Amino acid sequence: MFRTALKEATWVFVFSRFTILLVSYICVVLLPMSGQILPLNCTSHIPLNPCVLAWYHYDAIVYSIVADKGYASTPDVSFFPLWPLLIHYGGLPLAGRFPFSSYVTGLLLANICFYFALVLLYCLLNEDFDASLAKKALFYLAFYPYALFFFVGYTESFFLLLSVAIFLLLRRGKMLDWWFAGGIGFLAALTRSTGVLLSIPFIIMYVRHFWVAEKRDQTSWLQKIAALVPITLFPMGIVAYIIYLGYTKGNPFIFQVEEASNWHRHFDWIWMTGGYIVELLFAYPLLSYDTLRNLLEFAFTVIPIGVLVWGWKRLPLHYSLYALAVILFSLSFPLATIHPLTSQQRYLIVLFPLFVIFAFWGANSRFNQLYIAIGPALLAVNTILFVSHYWVA
């Protein structure tokens with residue numbers, strides 16, 4: 001099965017990367033960047049071709065800076081440390097050879113992580129469902145309209161890899177698998193705060209394995225306790241970061257302060273988030289930039305939620321509850337601006353159960369054809385917008 005997983009992941013990965021790179025190249029040589037009059041000059045011979053920097057925007061810049069200088073800028077503590085650490089140490093062979101080496105390292109690592117996430121996802125879905133569904137799910141994931149964030153040097157690819165690895169380990173359920181899952185959960189929580197929510201499938205699969213399965217009576221109490229202890233590692237990722245910030249910044253919760261004051265993201269009850277959205281959708285003229293952006297962000301937040309609500313019965317319980325927890329957590333931290341759903345589309349793409357439901361529906365040829373027609377086209381549009389330095393998510 002692993003050879004098949006490599007094969008299926010490879011063609012989807014290569015095809016999607018080729019598509020993104022081709023669209024990026026066409027964009028930078030034909031279209032001007034935001035605020036510019038002419039396209040970039042890709043024949044420049046400066047140390048790093050300006051067209052290579054086409055993906056050096058927004059969070060990719062921050063992760064590169066943190067990888068190079070640490071948390072010298074206090075507002076950057078809102079970005080959890082594991083991903084910039086990987087960029088820093090993964091980029092050591094490139095350091096000093098040319099400018100922006102951390103940026104290039106982030107791109108390479110993100111795409112390597114995405115490839116192996118596809119491999120593991122195929123293995124997982126082939127076991128939990130079947131090969132046909134697994135194959136479709138890989139395609140739908142790689143060509144989702146916001147899948148460009150699996151290409152750029154953000155945390156999405158790495159977090160997806162860690163998430164799928166945990167689900168795969170929990171499915172096997174051997175004694176060491178619980179500890180490996182806990183260790184990976186620790187890493188996930190050091191990558192994004194939502195990593196702690198991966199403890200939800202852990203506890204569900206633990207109960208199923210040790211208290212519901214037929215072989216539950218063959219397991220000793222010592223084994224049950226030993227398998228449960230690793231769940232404590234999930235929150236320890238955040239605890240470790242809190243301790244680090246307390247030691248280096250004097251305030252263990254400064255990441256929350258900076259998140260609210262500099263990045264305008266704060267906790268609020270989910271029904272309050274809904275109220276902000278409804279209010280802002282009617283606060284500006286219909287054809288204004290702010291209204292159109294809010295409508296787009298609203299649509300691509302509601303669509304995944306609607307798909308998961310509609311298709312949850314097709315999913316195992318630990319898939320459904322994990323997806324629900326991430327959605328509730330994400331929507332509980334709206335942006336305190338006129339665009340409260342900013343980045344929600346990006347936060348939700350790591351929910352691979354969404355693409356399992358798409359794959360179920362893909363058995364219908366009409367749905368499959370519709371997705372093939374719309375998904376890659378919107379991915380190309382979002383790629384052009386991002387590369388041209390317009391806001392996407």
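Since this is a predicted model, take the numbers as computed values, not measurements. Index from 1, following the sequence. Excluded from the calculations below are hydrogen atoms, water molecules and symmetry mates; all remaining heavy atoms, backbone and side chain alike, are included.
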Under a 3.5 Å distance rule, please check whether [X] uses its side chain to pair with a backbone N or O of [Y] as donor and acceptor.
X      : Y      : answer
Trp312 : Leu324 : no
Asn251 : Gly246 : no
Gln223 : Ser220 : yes
Asn368 : Ser365 : no
Asn111 : Leu107 : yes
Thr301 : Gln344 : no
Ser330 : Ile327 : no
Tyr58  : His389 : yes
Ser388 : Leu385 : no
Tyr71  : Phe79  : yes

Given the rule in the ring-ring contact (aromatic ring centres under 6.0 Å, His included) test, do Tyr144 and Phe355 qualify, once you have shown the distances and angles that lead to the verdict? CA-CA 9 Å; Tyr144 188 69; Phe355 301 97; 5.3 Å; yes

Which residues share a salt bridge (Lys or Arg N to Asp or Glu O under 4.0 Å) with Asp59, sequence neighbours left out: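 In terms of salt bridge (Lys or Arg N to Asp or Glu O under 4.0 Å), with neighbours along the sequence ignored, Asp59 is linked to Arg346.
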
Please list, chain by chain and in numerical order, all residues satisfying salt bridge (Lys or Arg N to Asp or Glu O under 4.0 Å) with Glu297, sequence neighbours excluded.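 Per chain and number, Glu297 pairs via salt bridge (Lys or Arg N to Asp or Glu O under 4.0 Å) with Arg293.
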
Trp211 six-ring face occupied by Lys224 cation (under 6.0 Å, within 45°):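 Yes - Lys224 lies over the ring of Trp211, closer than 6.0 Å to its centre and within 45° of its axis.
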
Under 6.0 Å from the ring centre and within 45 degrees of the ring axis: does the NZ or CZ of Arg192 meet both conditions for the six-membered ring of Phe80?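 Because its charged atom misses either the 6.0 Å distance or the 45° angle limit, Arg192 does not stack over Phe80.
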
What's the verdict on side-chain contact (heavy atoms from CB on, under 4.5 Å) for Tyr244 and Thr248, showing C-alpha distance, side-chain angles and the deciding distance? CA-CA 6 Å; Tyr244 167 80; Thr248 59; 3.5 Å; yes

Go through it in stages, so that I can follow the logic: the residues are Asn294 and His339, the test is side-chain hydrogen bond (donor to acceptor under 3.5 Å, both in side chains), and I'd like the CA-CA distance, side-chain angles, deciding distance and then a yes or no. CA-CA 6 Å; Asn294 280 330; His339 303 294; 3.2 Å; yes

Look at the rings of Trp178 and Phe202 and say which category their plane angle falls in: under 30° parallel, 30 to 60° tilted, over 60° perpendicular.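 Geometry flag for Phe202 against Trp178: perpendicular rings.
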
Parallel, tilted or perpendicular: rings of Tyr206 and Phe210 (30°, 60°):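 Geometry flag for Tyr206 against Phe210: tilted rings.
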
Taking C-beta and beyond as the side chain, do [X] and [Y] meet within less than 4.5 Å on heavy atoms?
X      : Y      : result
Val207 : Val212 : yes
Phe333 : Asp268 : no
His266 : Pro334 : yes
Leu6   : Tyr122 : no
Ser163 : Tyr322 : yes
Phe255 : Lys249 : no

Working note: Arg265 + Glu258, criterion salt bridge (Lys or Arg N to Asp or Glu O under 4.0 Å); need CA distance, chi angles, decisive distance, verdict. CA-CA 9 Å; Arg265 197 173 292 280; Glu258 297 299 330; over 6 Å; no

Stepwise ring-ring contact (aromatic ring centres under 6.0 Å, His included) check, Phe139 with Tyr371: CA-CA 10 Å; Phe139 180 87; Tyr371 196 102; 7.1 Å; no

Kindly state whether the ring of Tyr56 and the ring of Phe100 have centres lying under 6.0 angstrom apart.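 Aromatic pair counts; centres sit under 6.0 Å.
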
Which residue in the set Leu161, Ile166, Leu169 passes side-chain contact (heavy atoms from CB on, under 4.5 Å) when paired with Leu120?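 Exactly one option meets the side-chain contact (heavy atoms from CB on, under 4.5 Å) with Leu120, and it is Leu161.
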
Over all atoms of both residues, closest heavy-atom pair of [X] and [Y]:
X      : Y      : value
Ile87  : Ala67  : CG2-CB, 3.7 Å
Ala147 : Ala142 : CB-O, 3.3 Å
Val12  : Phe143 : O-CE1, 4.5 Å
Ile238 : Ser193 : CD1-O, 3.9 Å
Gly90  : Thr105 : C-CG2, 3.7 Å
Gly195 : Phe159 : CA-CE1, 3.6 Å

Rounded to the nearest 0.5 Å, what separation is found between the [atom1] atom of [X] and the [atom2] atom of [Y]?
X      : Y      : atom1 : atom2 : value
Trp310 : Ile303 : CH2   : CD1   : 12.0 Å
Leu245 : Phe253 : CG    : CZ    : 10.0 Å
Phe150 : Ile20  : CZ    : CD1   : 10.0 Å
Ile384 : Leu379 : CD1   : CG    : 10.0 Å
Phe358 : Tyr140 : CZ    : OH    : 9.5 Å
Thr191 : Ile184 : OG1   : CD1   : 11.0 Å

Where do Phe386 and Trp391 land on the ring-ring contact (aromatic ring centres under 6.0 Å, His included) test, with the steps shown first? CA-CA 6 Å; Phe386 188 93; Trp391 181 256; 8.3 Å; no

Verify side-chain contact (heavy atoms from CB on, under 4.5 Å) between Trp83 and Tyr154, making sure each step is shown before the conclusion. CA-CA 8 Å; Trp83 181 243; Tyr154 285 21; 5.6 Å; no

Audit row: Leu141, Leu160, side-chain contact (heavy atoms from CB on, under 4.5 Å) steps and yes/no: CA-CA 11 Å; Leu141 174 65; Leu160 177 66; 3.8 Å; yes

What verdict does the side-chain hydrogen bond (donor to acceptor under 3.5 Å, both in side chains) test give for Trp55 and Ser24, after you've listed the backbone C-alpha separation in whole Å, the side-chain angles of each residue and the deciding distance to 0.1 Å? CA-CA 9 Å; Trp55 290 84; Ser24 300; 3.2 Å; yes

Flag for Thr10-Tyr115: side-chain donor and acceptor within less than 3.5 Å: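 The answer is yes; a qualifying pair exists.
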
Cluster check Tyr347, Tyr63: I/L/V/M/F/W/Y, side chain < 4.5 angstrom: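 No, Tyr347 and Tyr63 fall in different hydrophobic clusters.
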
Is there a ring-ring contact (aromatic ring centres under 6.0 Å, His included) between Phe360 and Phe129? Walk through the geometry before answering. CA-CA 10 Å; Phe360 271 116; Phe129 304 98; 5.5 Å; yes

Assess whether side-chain contact (heavy atoms from CB on, under 4.5 Å) is satisfied between Ile65 and Asp76, documenting all intermediate values. CA-CA 9 Å; Ile65 292 173; Asp76 293 345; 4.2 Å; yes

Are Lys136 and Glu8 within salt-bridge range, i.e. N to O under 4.0 Å?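 Salt bridge absent between Lys136 and Glu8.
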
Tell me whether the count of non-hydrogen atoms from other residues, nucleotides or ligands lying under 6.0 Å of CZ in Phe116 goes above 12.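 No, CZ of Phe116 has 12 or fewer neighbouring heavy atoms, counting only those of other groups under 6.0 Å.
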
